[in-house]
Enquirer: 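Supplied in structure tokens, the structure appears directly below.
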Amino acid sequence: MRVEIWSDIACPWCYIGKARFEKGLAAFAHRDEIEVVHRSFELDPRAPKGVTGPVVEMLAKKYGRTLDEARGMEEHVAAAARAEGLEYVTEGRDNGSTFDIHRLLHLAAAHGRRDALLDLAYRANFAEERSVFDPEVLIALAVEAGLDEAEARAVLADGTAYAAEVRADEREAAELGANSVPFFVLDRRFGVSGGQPAEVFTRALEQAWQGREIVAETPAGEACEPDGACAVPQG
């Protein structure tokens, strides 16, 4: 059975959701017979290349909050990440276009290294204060994931390389009705939206495996929307 996951490196709930899904998958009896395929989704496809800004300032502007309130939003997400055993820094991260990252992830997929690069990119962005919007950081991550440095540099230098593949993933997400990420599609039968608890993923896998009809939709979990907005406390 195939599970397809649409996500973006800039999405904290994608980072958390991947960890939760993997825990849910580990508890699934047929886990060794599941093929996981990661797909591209840009939260802000209009973001200009090479232009970045602090995440905290972006949150404050987007939600009309003070910088201290925006830091509180980040702490909320950080607590959820740490509960899953993930590191998460709330200061020093930046925000920008993720298109080049997705192109490089497609190169990694062509070599069977996409999951490795995805994990490294998430860790760099959310846990290490390394800017995934810096081409040299991306090259270093690609090499760490097992890709050839010259090939990775060639892809980043050619803005058309793997661009069609990224756009195809995004069109497919729209056709499937994905309006936020992470978005999980199980065997092309039904979807699970958001960073759900691990047990929700386990149940969804069991239902998809058995081919049972889903009587009620799974309530949406915490997610990020195309404008870059992520679920945050409203207090």
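Below, all heavy atoms of this structure are taken into account, side chains as well, without hydrogens, waters or symmetry copies.
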Enquirer: Applying a strict under-4.5 Å side-chain criterion to I, L, V, M, F, W and Y, I'd like to know whether L105 and Y122 cluster together.
Expert: yes
Enquirer: Thinking salt bridges, do D158 and R103 make one under a 4.0 Å N-O criterion?
Expert: no
Enquirer: Assigning hydrophobic clusters by single linkage (Ile, Leu, Val, Met, Phe, Trp, Tyr; side-chain heavy-atom cutoff under 4.5 Å), is V166 placed with L117?
Expert: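 Shared cluster, no.
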Enquirer: Before accepting this row, confirm whether a basic side-chain N of the pair E172/R188 lies closer than 4.0 Å to the acidic partner's carboxylate O.
Expert: yes
Enquirer: Roughly how far apart are N95 CG and N125 CG, rounded to 0.5 Å?
Expert: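 Rounded to the nearest 0.5 Å, the CG-CG separation comes to 8.5 Å.
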Enquirer: When rounded to the nearest 0.5 angstrom, what is the spacing between NE2 in H38 and CG in D169?
Expert: 12.0 Å
Enquirer: Between the side chains of R167 and E42, is the shortest nitrogen-to-carboxylate-oxygen separation below 4.0 Å, so that they form an ion pair?
Expert: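 Salt bridge between E42 and R167, a charged N being under 4.0 Å from a carboxylate O: yes.
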Enquirer: Report yes if some heavy atom in the side chain of L176 is under 4.5 Å from a heavy atom in the side chain of W6; otherwise report no.
Expert: yes
Enquirer: Using a 3.5 Å distance criterion without hydrogens, assess whether the side chain of D187 forms a donor-acceptor pair with backbone atoms of R189.
Expert: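 No; judged by distance alone, with no hydrogens or angles, the pair does not exist.
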Enquirer: How many angstroms lie between CZ in R2 and CG in L186, if you round to the nearest 0.5 Å?
Expert: 12.5 Å
Enquirer: I139 and side chain to side chain contact (heavy atoms under 4.5 Å, CB included): which single residue from L156, D134, V155 fits?
Expert: L156
Enquirer: Whether the side chain of T66 engages the backbone of E69 through a donor-acceptor N/O pair (distance < 3.5 Å, no angle test) should be reported.
Expert: yes
Enquirer: Looking at R153 and E149, is there a salt bridge between them, counting it only when a charged N and a carboxylate O are closer than 4.0 Å?
Expert: yes
Enquirer: Do you know which two heavy atoms are closest between I9 and A121, and how far apart they sit?
Expert: CD1-CB, 3.7 Å
Enquirer: Rounded to the nearest 0.5 Å, how far does CZ of R82 lie from CD of E75?
Expert: 5.5 Å
Enquirer: Check whether the ring centres of F183 and F41 lie less than 6.0 Å apart, and answer yes or no.
Expert: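 Ring centroids of F183 and F41 are no less than 6.0 Å from each other.
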Enquirer: List the atom of D8, the atom of V181, and the distance in Å for their closest heavy-atom pair.
Expert: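 Minimum heavy-atom contact is N-CG2, 4.4 Å.
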Enquirer: Whether the S40 and H106 side chains hold a donor-acceptor pair (N or O, under 3.5 Å, no angle test) is what I'd like checked.
Expert: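 Distance-only check passes for S40 and H106.
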Enquirer: Given side chains that start at C-beta, do those of E91 and E129 come closer than 4.5 Å, heavy atoms only?
Expert: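 Not touching, per the 4.5 Å side-chain cut-off.
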Enquirer: Do you reckon I5 sits in the same ILVMFWY cluster as F28, going by side-chain contacts under 4.5 Å, direct or chained?
Expert: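 Linked within one cluster.
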Enquirer: Between E87 and R123, does any side-chain N to carboxylate O distance fall below 4.0 Å?
Expert: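 Judged by the 4.0 Å cut-off on N to carboxylate O distance, E87 and R123 do not form a salt bridge.
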Enquirer: Distance from R114 atom CZ to L104 atom CG, nearest 0.5 Å?
Expert: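 Separation between the atoms: 10.5 Å.
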Enquirer: Is any side-chain heavy atom of F21 closer than 4.5 Å to a side-chain heavy atom of V36?
Expert: yes
Enquirer: Looking at every heavy atom in both G195 and P182, which two are closest together, and how far apart are they?
Expert: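 Scanning both residues, the minimum pair turns out to be N-CG, 3.8 Å.
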Enquirer: When clusters are formed by joining ILVMFWY residues with side-chain heavy atoms under 4.5 Å apart, either directly or through shared neighbours, do L59 and V89 land in the same one?
Expert: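 L59 and V89: separate clusters.
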Enquirer: Please find the pair of heavy atoms, one from W209 and one from E33, that lie closest to each other, and give the distance.
Expert: CH2-OE1, 3.6 Å
Enquirer: Give a yes or no on whether a salt bridge exists between E165 and R39, defined as a side-chain N under 4.0 angstrom from a carboxylate O.
Expert: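 R39 and E165: not salt-bridged.
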Enquirer: Quick check: do I16 and V77 have side-chain heavy atoms less than 4.5 Å from each other?
Expert: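 With C-beta onward as the side chain, the pair touches.
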Enquirer: Evaluate the side-chain proximity of R31 to L205: yes if any heavy-atom separation is below 4.5 Å, no if none is.
Expert: no
Enquirer: Consider only side-chain heavy atoms of I, L, V, M, F, W and Y, link residues closer than 4.5 Å, and tell whether L147 and V132 are in one cluster.
Expert: yes
Enquirer: So which heavy atom on A78 is nearest to which on Y88, and how close?
Expert: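 Result for this residue pair: CB-CD2, 3.5 Å.
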Enquirer: Output the distance between atom CD (E151) and atom CG (L107), rounded to the nearest 0.5 Å.
Expert: 4.5 Å
Enquirer: May I ask you to decide whether K18 forms a salt bridge with E84, counting only side-chain N to carboxylate O separations under 4.0 Å?
Expert: no
Enquirer: How about L86 and F126: do any of their side-chain heavy atoms sit closer than 4.5 Å?
Expert: no
Enquirer: Before you tell me yes or no, could you show the steps for R113 and E144 under salt bridge (charged side-chain N to carboxylate O under 4.0 Å, His left out), namely the whole-Å CA-CA distance, both residues' side-chain angles and the distance that decides it to 0.1 Å?
Expert: CA-CA 10 Å; R113 306 301 299 162; E144 190 176 348; over 6 Å; no
Enquirer: Can you see which heavy atom on T90 is nearest to which on V56, and at what distance?
Expert: O-CG2, 3.6 Å
Enquirer: Does the side chain of R65 reach to within under 4.5 Å of the side chain of M73, using non-hydrogen atoms?
Expert: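 The answer is yes, as the side chains (C-beta and beyond) meet within the 4.5 Å cut-off.
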